[in-house]
Every structure is written in structure tokens, then in C-alpha cells.
Amino acid sequence: MRFHQVKELVAWAADYHRGLAEQYDQLAAGDVSDRVRMALEYLAEHERKMQTELANYLDEKSEHRKVLETWFDDPTDFPHAPTLDRLTECVSCDSVQDVLTTALTMHRTLQDLYAHRMERASAEAEREFFASLSSGHEAEVRRLARDMQRLEDY
């Protein structure tokens with residue numbers, strides 16, 4: 001479908017984070033080293049946090065209600081969704097670094113999706129909303145990389 005509301009993209013992203021949390025939980029329960037298990041558990045918790053934050057935007061009383069109701073035209077649908085699905089299917093659990101590399105790639109791809117929507121926004125409020133999401137995601141990527149590197153160093 002070509003026409004979407006901003007809230008559809010936010011709901012999709014929240015659901016994507018939920019799915020990642022579930023996948024990380026499943027991988028952590030598998031046959032992995034203790035460090036990789038800790039990294040996967042950390043990532044699962046991180047993804048649940050991201051899901052909750054995005055879900056809060058969708059609350060009926062959200063200050064972003066107006067921008068969430070905004071329609072956009074994007075003939076490519078959600079442009080990065082197929083890429084994200086492929087990344088999700090190939091999470092490597094050989095080392096903490098492998099897990100981190102895949103997680104960072106997924107987060108940067110989501111950030112690119114927000115930046116894409118920001119660039120194509122038709123209204124200033126929509127542009128600011130996606131700029132805020134992109135900026136917040138960038139901060140989360142930095143924190144994620146820092147925390148996972150600490151785990152790797154110990």
C-alpha cells in the first residue's frame with residue numbers, strides 16, 4: 001500500500017523491536033557462551049525498552065497525536081523493512097562482537113528509515129518528529145555500542 005499514516009510506521013517499528021526482543025531471548029536460551037548470553041539478554045531488554053518508548057507515542061493522550069495522524073505517500077512502502085527482515089534472520093551468536101555488529105546494523109537501518117521519512121516529510125511537525133526519532137535512535141546506538149563493548153572488555 002502506498003499511503004500510510006505516521007502512526008502505522010511507529011506501530012510497525014514498535015512491533016519490530018518486540019520481535020527482536022523475542023528473538024534475542026530465544027537465542028540467549030540456546031547453546032551460546034555466557035558472554036554471548038549476557039549480551040543477548042541485554043539486547044532483549046534494550047529492545048523491550050525501545051518498543052515501550054515507541055508504544056508510548058501511540059497513546060491516545062500523546063502530545064504527538066496530530067503528527068501521528070499525518071498521511072504520507074511512499075511508493076516504496078517502508079523502504080528498509082525487507083533489509084531489516086533479512087538482518088533479523090542472520091543474527092550470528094559466535095561472539096559478543098558478532099551480536100553487536102548485527103544489532104548495530106539493524107539499529108542504523110532503522111535510523112536511516114527515520115531519516116528517510118524526515119527528508120520526505122511534507123510538514124514541519126512531521127519532519128521534526130522523525131528528526132527526533134532519528135536523533136534518539138542515534139543516541140541509543142552509541143549507548144548500545146558502549147555497553148556491549150564494556151561487556152566484551154570484561
Side-chain angles (χ1 to χ4, degrees), residues 4-64 67-68 72 74 76-121 126-154:
H4 298 279
Q5 286 183 297
V6 170
K7 67 182 174 184
E8 292 175 68
L9 192 143
V10 173
W12 174 86
D15 189 56
Y16 185 76
H17 286 292
R18 181 201 48 75
L20 279 177
E22 290 173 1
Q23 182 177 11
Y24 288 142
D25 283 335
Q26 289 172 356
L27 290 168
D31 185 25
V32 294
S33 71
D34 287 341
R35 282 185 189 228
V36 170
R37 182 182 37 73
M38 288 188 296
L40 290 165
E41 289 170 351
Y42 171 80
L43 286 170
E45 185 59 34
H46 172 80
E47 294 302 330
R48 281 188 283 279
K49 178 182 173 283
M50 297 293 290
Q51 177 199 5
T52 300
E53 289 176 4
L54 286 171
N56 287 339
Y57 284 119
L58 299 172
D59 186 283
E60 289 294 324
K61 297 175 182 146
S62 169
E63 65 187 70
H64 303 286
V67 74
L68 290 170
F72 64 88
D74 195 338
T76 58
D77 210 6
F78 298 131
H80 294 36
T83 302
L84 285 166
D85 290 340
R86 282 192 300 274
L87 288 169
T88 303
E89 294 168 1
C90 65
V91 176
S92 173
C93 296
D94 294 333
S95 70
V96 171
Q97 196 60 47
D98 287 344
V99 171
L100 174 61
T101 298
T102 305
L104 290 178
T105 302
M106 283 186 268
H107 279 278
R108 287 190 180 115
T109 305
L110 271 172
Q111 187 179 351
D112 288 347
L113 173 60
Y114 298 145
H116 170 78
R117 287 299 339 136
M118 181 183 70
E119 291 168 4
R120 302 217 29 189
E126 182 184 359
R127 193 173 355 275
E128 289 173 3
F129 179 78
F130 282 111
S132 175
L133 281 179
S134 180
S135 174
H137 223 73
E138 183 178 345
E140 285 299 320
V141 166
R142 284 193 309 269
R143 189 178 73 151
L144 183 65
R146 180 200 65 209
D147 292 350
M148 293 286 283
Q149 195 58 51
R150 285 180 181 163
L151 176 64
E152 181 74 1
D153 290 344
Y154 291 112

How far does [atom1] of [X] sit from [atom2] of [Y], to the nearest 0.5 angstrom?
{"X": "Gln51", "Y": "Asp15", "atom1": "CD", "atom2": "CG", "result": "7.5 Å"}
{"X": "Leu104", "Y": "Gln111", "atom1": "CG", "atom2": "CD", "result": "10.5 Å"}
{"X": "Leu68", "Y": "Glu63", "atom1": "CG", "atom2": "CD", "result": "10.5 Å"}
{"X": "Thr102", "Y": "Leu43", "atom1": "OG1", "atom2": "CG", "result": "10.0 Å"}
{"X": "Leu40", "Y": "Gln26", "atom1": "CG", "atom2": "CD", "result": "11.0 Å"}

Do His64 and Glu128 get their side chains close enough for a donor-acceptor pair, meaning under 3.5 Å?
no

Tell me whether [X] contacts the main-chain N or O of [Y] through its side chain, where contact means a donor paired with an acceptor under 3.5 Å.
{"X": "Ser134", "Y": "Phe130", "answer": "no"}
{"X": "Ser135", "Y": "Ala131", "answer": "no"}
{"X": "Glu45", "Y": "Tyr42", "answer": "no"}

Evaluate the ring planes of His107 and His137, with Trp represented by its six-membered ring, and classify them as parallel (under 30°), tilted (30 to 60°) or perpendicular (over 60°).
tilted

Kindly indicate, with the supporting measurements, whether the criterion side-chain contact (heavy atoms from CB on, under 4.5 Å) is fulfilled by Val96 and Met38.
CA-CA 9 Å; Val96 171; Met38 288 188 296; over 6 Å; no

Between Arg117 and Val6, does the side-chain contact (heavy atoms from CB on, under 4.5 Å) criterion hold? Intermediate values first, please.
CA-CA 9 Å; Arg117 287 299 339 136; Val6 170; over 6 Å; no

Met106 versus Thr109: any side-chain heavy-atom pair under 4.5 Å?
no

Can you tell whether the side chains of Lys49 and Glu53 come within less than 4.0 Å, N to carboxylate O?
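Looking at Lys49 and Glu53, the cut-off is met.
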
Looking only at heavy atoms, which two atoms of [X] and [Y] are closest? And how far apart?
{"X": "Leu54", "Y": "Val10", "result": "O-CG1, 3.6 Å"}
{"X": "Leu144", "Y": "Leu100", "result": "O-CD1, 4.3 Å"}
{"X": "Ala28", "Y": "Glu41", "result": "CB-CG, 3.9 Å"}
{"X": "Glu126", "Y": "Val67", "result": "CA-CG2, 3.3 Å"}
{"X": "Val99", "Y": "Met148", "result": "CG1-CE, 4.1 Å"}

Does Arg120 qualify as a cation-pi partner of Phe72, given the criterion of NZ or CZ under 6.0 Å from the six-membered ring centre and within 45 degrees of its axis?
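No cation-pi geometry.
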
Under the criterion side-chain contact (heavy atoms from CB on, under 4.5 Å), I'd like the reasoning laid out for His4 against Leu9: C-alpha separation, chi angles, the key distance, then a yes or no.
CA-CA 8 Å; His4 298 279; Leu9 192 143; over 6 Å; no

Verdict with supporting geometry, Glu47 and Asp25, side-chain contact (heavy atoms from CB on, under 4.5 Å):
CA-CA 11 Å; Glu47 294 302 330; Asp25 283 335; over 6 Å; no

